[in-house]
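What follows is a single structure, written as structure tokens, with notes after it.
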Amino acid sequence: MKKLTVLSGGMGGARFLRGLLHGITAGTLPGVDADAEVTVVANTADDWWIHGLKVCPDLDTVMYTLGDGIDPGRGWGRRDETWSAKEELAAYGVEPTWFGLGDRDIATHLVRTQLIDAGYALSQVTDALCKRWLEPVWGDRVRLLPMTDERVETHVAVADPASPSGRRVVHFQEYWVRLRAEVAAETIVVVGLDDSSPGPGVLDAIAGADLVVLPPSNPVVSVGTILGVPGVRDALRTTAAPVVGLSPIVGGSHVRGMAEQLLATIGVEVSAAGVGRHYGARSAGGVLDGWLVDERDAGEVAALEEAGIRCAAVPLMMTDHDATAAMAAAAIELVAG
Ligand code: FO1
């Protein structure tokens, strides 16, 4: 196996990717060449223009994580960060004060924004940023592709008694960071998604893969938005590669993030089986050949097998690179042969 393609959101996907690469390098993944290439198709619907800068949280979380620049505690932004610019903006009373842009992180957004303003596509800009972050560590074995070059942004409608309509629409970042996903998301609207097209290399990365992985990222606003880019689902259904996913829901709740709240919004059961069925069996018009659930959800394996999805229950806590690599190995074994 030489070509792996991973459809990734932010923290969960990035942590999975780091462990996958650990396993590849260590040679512990069955049938995977030690010089195998990993192409990451990353969600861009979290992107946000703020203070005149284009911030791409999921692209940056993957890039910083694989380039070892991530702050491990936060899971986003840079390690060894300082916040002088943020403090100065707050001193001017400039909103939003609740969104933390660190000084080092701002340099990334300045470079990205300048290149976007100069007319370069997001995929070209991402390549340029990855020259610093990925090439020195991974050579040309890791590629980071935006799911689309076009502007796509997730917005969430929340109840707001103060507004005439009784609701307010906020950007996903406000829903997640300021509201802490503590209010019900009445509706999720991914602005621009239906009119978007797969970014350069995305469909080839799926069609030409030996394996496609849906890591434990948010099934609604991360993997869900990637699947929503016109053409991506069809590519998953027609690729010769097996498609295997890992459940982000363990024991009936998310490990981190806000998957519970958003699955409820789209009417999907908050369970490992619920998400697996939501993605669907490839044999039944969905995108999955295999679905890994945590040992605590072993009782859901039979239901998934009946839905046409190969399923196994293994430990799904990404406690360290070895544990994550073991998850990747289990995913590969589940759909091998
Ligand atoms: N998450 C927070 O909880 N608080 C923040 O202030 C914050 C700032 C931030 C800045 C840049 C960036 O790339 C990510 C940032 N995040 C922050 C995380 C971000 O909201 C999430 O990574 C995703 O959008 C959800 O996966």
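First listed ligand is number 1; within each ligand, the first listed atom is number 1.
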ask   = Can any side-chain N or O of E305 pair as donor or acceptor with the backbone N or O of C311 at less than 3.5 Å?
value = yes
task = For the residue pair K54 and H109, establish whether any side-chain heavy-atom pair is separated by less than 4.5 Å.
result = no
query = Of all the atoms in ligand 1, which lie at a distance below 4.0 Å from a heavy atom belonging to D105?
reply = 11 (C)
Option of least heavy-atom distance to atom 6 (O) of ligand 1 (set: G257, G13, G100) = G100
note = Heavy-atom proximity to atom 3 (O) of ligand 1, picking from R78, H109, R180, R178, points to R180
task = From the options M63, Q173, R256, M11, select the one whose nearest heavy atom is closest to atom 19 (C) of ligand 1.
result = Q173
inquiry  = Check this for me - ligand 1, D46, N or O atoms closer than 3.5 angstrom, yes or no?
reply    = yes
ask   = Backbone, side chain, both or neither: what part of W176 comes under 4.0 angstrom of ligand 1, heavy atoms only?
value = side chain
key: Sub-4.5 Å side-chain heavy-atom contact between V232 and M147   = no
ask   = Just by distance, with hydrogens left out, do Y64 and D105 show a side-chain donor and acceptor under 3.5 Å apart?
value = yes
ask   = Quick one: which ligand 1 atoms are inside 4.0 Å of a heavy atom on D58?
value = 26 (O)
message = Testing the 3.5 Å rule here: is there a donor-acceptor pair between the side chains of R168 and S163?
response = no
query = Going by distance alone, is a donor N or O of one side chain under 3.5 Å from an acceptor N or O of the other, for E150 and S197?
reply = yes
query = Parallel, tilted or perpendicular for F99 and W48, by the 30°/60° rule?
reply = perpendicular
ask   = Is ligand 1 under 4.0 Å from a heavy atom in the side chain of W76, in the backbone, in both, or in neither?
value = side chain
ask   = Is D289 paired with R282 through a side-chain N to carboxylate O contact shorter than 4.0 Å?
value = yes
task = Measure the distance from atom 4 (N) of ligand 1 to every protein heavy atom, then report the residue, atom name and distance (to 0.1 Å) of the closest one.
result = V177 CG1, 3.4 Å
ask   = Which atoms of ligand 1 sit under 4.0 Å from any heavy atom of W98?
value = 6 (O)
task = Can you pull out the closest protein heavy atom to atom 13 (O) of ligand 1? Residue, atom name and distance to 0.1 Å, please.
result = P57 CA, 3.3 Å
